[in-house]
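This report refers to the structure that appears directly beneath it.
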Amino acid sequence: MTNKPKGRGRPLIEFTDDQIRQITKLAEIGCTDSEMYGVIGVSKGTWRRIKAADPRVAEAIEKGSGNLAVRLRRYQIELACSGSVPMLIHLGKSVLGQGANSAAPTEKAENPLMQFLPRAETIKGLPEKD
């Protein structure tokens, strides 16, 4: 942090380039604002003032958050490609819009499970269909 005297009152604080890089790294691991200003060593009010006045802070947070999102997405895709059914379901819903609210085209108004009933009846021990 550097202090720049500007007349009366407290000197203005600016983050150094090293602190801006540290903010980016903190955002990359998902830290909240309170965690960031705690690590940087400034008060909540000072953090808010500097964040509002210095565009480098917002850029660092945006860059770090973006890097985190890309890394998580990459791991999700790798899990899905390795055959993780829960991840395939999640990505199908979130990326492909295959959630419960999506309208799937159906030709029949029947229950979709009806197609499995003939096969289920052939299993030994099940009563036959009337």
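Quick caveat: nothing in here was measured; it's all calculated off a predicted structure.
Contacts of Glu59 classified as side chain to side chain contact (heavy atoms under 4.5 Å, CB included), with partners at least two apart in sequence or in another chain: Pro55. Ser43 is linked by a side chain to side chain contact (heavy atoms under 4.5 Å, CB included) to Thr46, counting only residues two or more places apart in sequence or in another chain. Evaluation of the side chain to side chain donor-acceptor pair (under 3.5 Å) rule for Ser34 yields Thr32 as partners, not counting sequence neighbours. With sequence neighbours excluded, the residues forming a side chain to side chain contact (heavy atoms under 4.5 Å, CB included) with Lys63 are Thr24, Asn67, listed by chain and number.
Taking 4.5 Å as the limit, some side-chain heavy atom of Val42 sits within range of a side-chain heavy atom of Phe15.
Of all the heavy atoms in Ser65 and Ala27, the pair that sits closest is N-CB, 3.8 Å.
To the nearest 0.5 Å, atoms CD (Gln98) and CG (Leu91) are separated by 10.0 Å. Interatomic distance, Ile50 CD1 to Ile23 CD1, rounded to the nearest 0.5 Å: 8.0 Å.
Sorted by first and then second residue, the pairs that involve residues 38-54 and meet salt bridge (Lys or Arg N to Asp or Glu O under 4.0 Å), not counting sequence neighbours, are Asp33-Lys51, Asp54-Arg56.
Cluster partners of Ile89, by chain and number: Val85. The rule joins Ile, Leu, Val, Met, Phe, Trp and Tyr whenever side-chain heavy atoms lie under 4.5 Å apart.
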Begin from the C-alpha positions of Ile40 and Gln22 and carry the test side-chain contact (heavy atoms from CB on, under 4.5 Å) through to its verdict.
CA-CA 8 Å; Ile40 298 294; Gln22 187 176 23; 3.5 Å; yes
Using the rule given for side-chain contact (heavy atoms from CB on, under 4.5 Å), can you reason through Val39 versus Leu26, listing the C-alpha separation, both sets of side-chain angles and the distance that settles it, and then say yes or no?
CA-CA 9 Å; Val39 170; Leu26 292 169; 4.0 Å; yes
Donor-acceptor contacts under 3.5 Å from residues 71-81 side chains, at least two apart:
| unit_1 | atom_1 | unit_2 | atom_2 | d |
| --- | --- | --- | --- | --- |
| Arg71 | NH2 | Glu28 | O | 3.4 |
| Gln76 | NE2 | His90 | NE2 | 3.3 |

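In this structure, Glu35 places its CD atom where more than 12 heavy-atom neighbours from other residues, nucleotides or ligands lie under 6.0 Å away.
When the side chains of ILVMFWY residues are joined at heavy-atom separations under 4.5 Å, either directly or via intervening members, Ile13 and Ile20 end up in a single hydrophobic cluster. Follow the hydrophobic side-chain contacts under 4.5 Å out from Leu68 and you never reach Val70; the two are in separate clusters.
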